[in-house]
Amino acid sequence: MTQVNYNLLGVLPNDDILSQCIHCGMCLATCPTYELTKLERSSPRGRIKMIKSIARGEIPISEIFADEMNFCLDCQACETACPAGVKYGSMVEAARVEVDNSEYGSFFKKKIKKFTLKYILASKRNLKIVSRLLYYYQKSFLPKIVNKLCEFKIFPQRIIVLESLSPKVSKKFSDSAILEITEPENEIKYTTAFHYGCLMNVMFADINRDTVELLSKTGCKVITPKDQQCCGSLHAHNGDFETAKKLAMENLTVFRKHNYDYLISNSAGCGAFMKEYYHLFKDEPELKEAAKSFSERIKDLSEFYSDILPFEFKTNNEIITYHDACHLVHSQKIYSQPRKILRAISGLNYKEMDESIWCCGSAGIYNIVRYEDSMKILERKMENIKKSGAEKVITSNPGCMAQIEYGCRKNNLNITVEHLATFLNRSES
Amino acid sequence: MNSFLKDKIKKIVGIDNYFDSLEDKLCYSYDGTPIFQHLPEAVVFPENEEQISLIVKLANQEKFNIVPRGAGTGLSGGAIPVENSIVLVMTKWNNILEVDTQNLTATVQPGVVTGILQKEVEKYGLFYPPDPGSLTVCTIGGNIANNAGGLRGLKYGVTKNYVLGTEIILPDGELLRTGGKNMKDVAGYNLRDFIVGSEGTLGIITKILLRLIPKPQQSITMLAYFDKLADSAKSVSGVIASHIVPSMMEFLDNTTINCIEDYTNIGLPRNSEAILLIEVDGWGSIVEEDAETIINILKKNNTSFVRKAANDEEALTLKTARRSAFSALARRRPTTILEDATVPRSELPVMIEKVTEAARNFNVTFGNFGHAGDGNLHPTCLTDERDNDEITRAHKAFDFIFNETIKLGGTITGEHGTGLAKKHFLEKAVGIPAVEMMKRIKSAIDPNNIINPGKIFSISPRCEEYFSVGNRR
Ligand SMILES: Cc1cc2nc3c(=O)[nH]c(=O)nc-3n(C[C@H](O)[C@H](O)[C@H](O)COP(=O)(O)OP(=O)(O)OC[C@H]3O[C@@H](n4cnc5c(N)ncnc54)[C@H](O)[C@@H]3O)c2cc1C
Ligand code: SF4
Ligand code: SF4
């Protein structure tokens, strides 16, 4: 056996994280990838065992290891299931960085990833330029030609998939559609700040508009600073802590200039990460307190309307169900709040689907880089949605929306998908 | 194991069901047991009885060992590989073949997950009571092999009380059928019950016929807090002496309460020295009356607070929280070595006291919880395997607890099995004649000692030497 000592520990907060797992197996039943293969190596327990052995230099990074790290959805269902409190997410993220740096990381993929993260997502200007180009592409006749070329196998099939999975770019981006200050429509109850996200800004501007409208209609002043930044979560999840920190710092500075009670997020992934800013700066005394105060005031939309501003929404006859985004239910432990709101609106027409807390297979760019696996996981979700008998699926994350919409189209289902913000905005009384 | 032999195995199960990469071997080198681990030579997922039979025959010819495995949640090392072994995983055998609502039976494959079976039969108004803490993950095959207990053991008994029949591939590769749908059957030796609890040493179980009972109409779950450990133990004795049989009576000490509360956030009393989680079930008004009687007994024994769960949902939350106890204790320290000591129920207060004494004398931390109504405790030592000195003290504390258990007329394992972890204590617990008889039976059925050898006891001195050193990390 080759003795290779990878620098995994350099990325991990500390060695204790590796020792925490007592291999009891209580997490197995919740892991979507283990359910697919029934192999321990595709389970949280097995993955932790491998990561631990690599960190200790007992085994080298291998093709199987690299594959398992990328097969993992990073959905963190195992963290919810683990009574021992094992921080699996930080382990797999650290391991992925090591894999990318090893001979098993695809050089090309790594470069693209790095480029996208550093030069596109982290720069609002560049992201807007790219999105504008994509918008004109999507509006033009080109996609039809590309589809034809794929049909005749001149272009690889994958491109069609990429085409239909990628959300449509909005005509008007949120940062130009939403005013910096939106006054409440009636008596003011709270002053909120709004983080519109990087991709949400350009791809889901409608949802952002719904969010701000809703807040305003329900008595909130909404501050939407123009100079805010991407939250940095994708960077951190991919091991680029430097950029993540830089973005976090900018957000801290921008939002600190305003006086607000709560910062509202409508994207599960961003909310989850911004709630963690505190950890990012925990060793920097001068920023620690600022980060703490920032993180503590982040509220997901569902949290806000359940715990802080209980609002009587109009009841509604649609038969609905709710899909839990991983970053809400597993990262932020938000489970009961959206249900409380939706039950109040829909009563008995709210149907709980089986396995609502299972990942839909979207998982960042997982559905593009591991299309086949993602589709198997999506199929399970679609079966559960069908069985629930709902005609509409409500969820709180743009990635999930795009994925489930794709599943509906693929299966010819007459089911629509709606973001909670949009649903609530329509139900506002 | 040479590649020639590996090819033969591969040919039997097919290339897709055979794994021998370093990663796969590593991922089957453990089960839920702390400290022990060992790499197998290969891991196989057989598809049918014929394949299993062929592998077993090959193992006899070529002298390699076979370790049957379910979900790998065992806590005594039963599924941990041994020298020169292949792991035979049964998790893909997960079909419920029949639920017979006329005879109240279920026929299942061994890989069926216990909790899934329970949900399925409850759709028919039926009930499969054995509910180990691991029920969302563990398999019926593993439950039979370990004769698993659970929270409801007090009233409903353990796995063996629900096994009507089994099919098992014996160590010579032949299929043995035992039992059947008859409620009474005394034809010959009772081979069926003999297989229950055999810890995978007598063959590979391939099919199981289970007894079901009607699902009780209603249940009431109660939670009682205690400021003094001794009062909780007295309450348990009090309830048992009152001749009411609760379906569940679980004990949790302060350390365990806090670890579970860290995980679940459901408002358990962090300052109480102990809590009891009690459930009564049955039909009609008697359930309510039993609950009231129990509450009175608890009050008489100085419970500081007692309440009933508001609804089924809350009852389930409390039980689920209790089931996470063992794993939740790992929040404190990374290595949790748990005990399975069981004493006659009347001795429970003494036993609880002895665990406190062990912790004090050997300067180690224990979290204590268990099936109090059964006299079955799981004192769990919270330690760190990287700290040799502390591990040594932990082992000394366990030796002390073992000896005290035996003195009280108890046993070394109530439900987790002997496996690797407890085998050194077996002679002391059951006596030399009993162990000798077990060995003779094993040798008669498995003359080449190829099916899960070295578990429960060791046949040859060579193995003895090996396990005491080799299996420990
Ligand atoms: C958190 C936690 C809580 C637990 N709570 C309880 C509890 O309350 N009560 C209790 O009794 N146990 C409990 N256990 C222990 C464990 O879950 C049980 O022993 C369970 O029965 C093991 O099932 P398994 O499928 O994981 O079997 P494994 O661990 O895979 O195997 C256990 C034994 O069965 C053998 N085996 C498995 N399948 C077969 C087969 N098809 N044919 C022949 N032999 C086979 C193996 O060789 C091994 O000896 C708990 C474990 C954990 C981790
Ligand atoms: S991650 Fe948690 S639940 Fe899973 S095996 Fe490890 S300790 Fe158990
Ligand atoms: S993050 Fe999700 S896919 Fe990955 S091991 Fe955990 S449960 Fe499985």
Side-chain angles (χ1 to χ4, degrees), chain A residues 1-2 14-31 34-54 56 58-69 71 78-87 333 335-336 352 354, chain B residues 19 21-34 37 43 45 69-75 79 87 89-92 94 111 113 115-116 133-138 259-260 262-265 320-321 323-338 380 384-386:
Chain A
M1 198 196 296
T2 10
N14 56 50
D15 180 42
D16 286 346
I17 283 204
L18 288 173
S19 313
Q20 190 85 45
C21 171
I22 54 165
H23 42 89
C24 64
M26 291 295 275
C27 51
L28 296 190
T30 55
C31 175
Y34 176 71
E35 274 299 304
L36 278 183
T37 66
K38 292 270 188 240
L39 286 176
E40 275 278 334
R41 65 149 114 122
S42 324
S43 79
R45 177 166 70 166
R47 291 191 176 115
I48 292 169
K49 180 72 181 172
M50 291 189 284
I51 294 172
K52 200 165 151 178
S53 305
I54 282 179
R56 294 189 176 161
E58 290 159 6
I59 65 167
I61 288 185
S62 63
E63 202 181 327
I64 291 183
F65 178 74
D67 188 56
E68 282 306 337
M69 292 306 116
F71 182 29
C78 47
E79 286 201 15
T80 300
C82 174
V86 170
K87 295 270 168 283
K333 311 286 178 230
Y335 177 83
S336 62
E352 190 65 50
D354 285 344
Chain B
F19 300 87
S21 70
L22 178 57
E23 291 78 7
D24 285 306
K25 292 196 285 194
L26 195 68
C27 288
Y28 286 91
S29 66
Y30 53 76
D31 62 5
T33 319
Q37 72 163 1
V43 180
F45 291 76
R69 181 181 172 104
T73 66
L75 295 172
V87 176
V89 192
M90 298 300 284
T91 45
K92 289 187 188 173
N94 57 359
V113 170
I116 292 180
S134 51
L135 66 86
T136 52
V137 185
C138 67
C259 287
I260 296 182
D262 286 346
Y263 171 48
T264 57
N265 269 316
T320 308
R323 290 196 180 106
S324 71
F326 165 59
S327 311
L329 281 167
R331 285 176 174 259
R332 259 321 137 78
R333 304 290 302 284
T335 310
T336 41
I337 312 180
L338 105 164
T380 304
D384 188 336
E385 61 180 295
R386 294 168 294 188

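So you know, we letter chains A, B, ... as the sequences are listed, proteins then strands, and number each from 1.
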Peer 1: Against chain A, label D31(B) side chain, backbone, both or neither, depending on which of its atoms sit under 4.5 Å from a heavy atom there.
Peer 2: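 The answer is the backbone of D31(B).
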Peer 1: For the candidates K38(A), E68(A), K333(A), which exhibits the highest count of non-hydrogen atom pairs separated by less than 4.5 Å from chain B?
Peer 2: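 It is K38(A).
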Peer 1: Drop me the distance from E23(B)'s CD to I64(A)'s CD1, to the nearest 0.5 angstrom.
Peer 2: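 Result: 4.5 Å between the selected atoms.
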Peer 1: Rounded to the nearest 0.5 Å, what's the gap from OH on Y263(B) to OG1 on T320(B)? Could you check?
Peer 2: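 So the gap between those two atoms works out to 9.0 Å.
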Peer 1: How far does OG1 of T33(B) sit from CG of L75(B), to the nearest 0.5 angstrom?
Peer 2: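 Here the rounded value is 6.0 Å.
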Peer 1: Partners of E63(A) by side chain to side chain donor-acceptor pair (under 3.5 Å), sequence neighbours excluded?
Peer 2: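 Once residues adjacent in sequence are excluded, E63(A) has no partner under the side chain to side chain donor-acceptor pair (under 3.5 Å) criterion.
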Peer 1: Heavy-atom pairs under 4.5 Å with chain B are the metric here; pick the option from P83(A), C27(A), G25(A), S19(A) that has the most.
Peer 2: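 That would be P83(A).
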Peer 1: Mind ranking G74(B), A321(B), C259(B), G32(B) by heavy-atom pairs under 4.5 Å with chain A and telling me who comes out on top?
Peer 2: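 Winner by heavy-atom pair count: G32(B).
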Peer 1: Who are the side chain to side chain donor-acceptor pair (under 3.5 Å) partners of K92(B), not counting sequence neighbours?
Peer 2: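 Per chain and number, K92(B) pairs via side chain to side chain donor-acceptor pair (under 3.5 Å) with no residue.
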Peer 1: Non-hydrogen contacts under 4.5 angstrom with chain B: give the residues of residues 41-48 of chain A involved, or none if there are none.
Peer 2: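 Hits under 4.5 Å: R41(A), R45(A), G46(A).
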Peer 1: Would you please name every residue forming a side chain to side chain donor-acceptor pair (under 3.5 Å) with S53(A), sequence neighbours left out?
Peer 2: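 Listed in chain order: nothing, the list is empty.
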Peer 1: Taking the side chain as every heavy atom from C-beta outward, state whether N94(B) and V113(B) have any atom pair closer than 4.5 Å.
Peer 2: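 No; the side chains remain at least 4.5 Å from each other.
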Peer 1: Measuring from L18(A):CG to R56(A):CZ, what's the distance to the nearest 0.5 Å?
Peer 2: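 One finds 6.5 Å between CG of L18(A) and CZ of R56(A).
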Peer 1: Checking R386(B) against chain A: side chain, backbone, both or neither under 4.5 Å from a heavy atom?
Peer 2: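 Side chain only.
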Peer 1: What part of T264(B) gets within 4.5 angstrom of chain A, counting heavy atoms only: side chain, backbone, both, or neither?
Peer 2: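 Answer is neither: T264(B) stays 4.5 Å or more from chain A.
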Peer 1: Quick check for you: among G72(B), C138(B), G133(B), S134(B), which has the greatest number of heavy-atom pairs under 4.5 Å with chain A?
Peer 2: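 Most heavy-atom pairs under 4.5 Å with chain A: G72(B).
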Peer 1: Relative to each other, are the rings of F45(B) and Y28(B) parallel, tilted or perpendicular (30° and 60° limits)?
Peer 2: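 It falls in the perpendicular class, over 60°.
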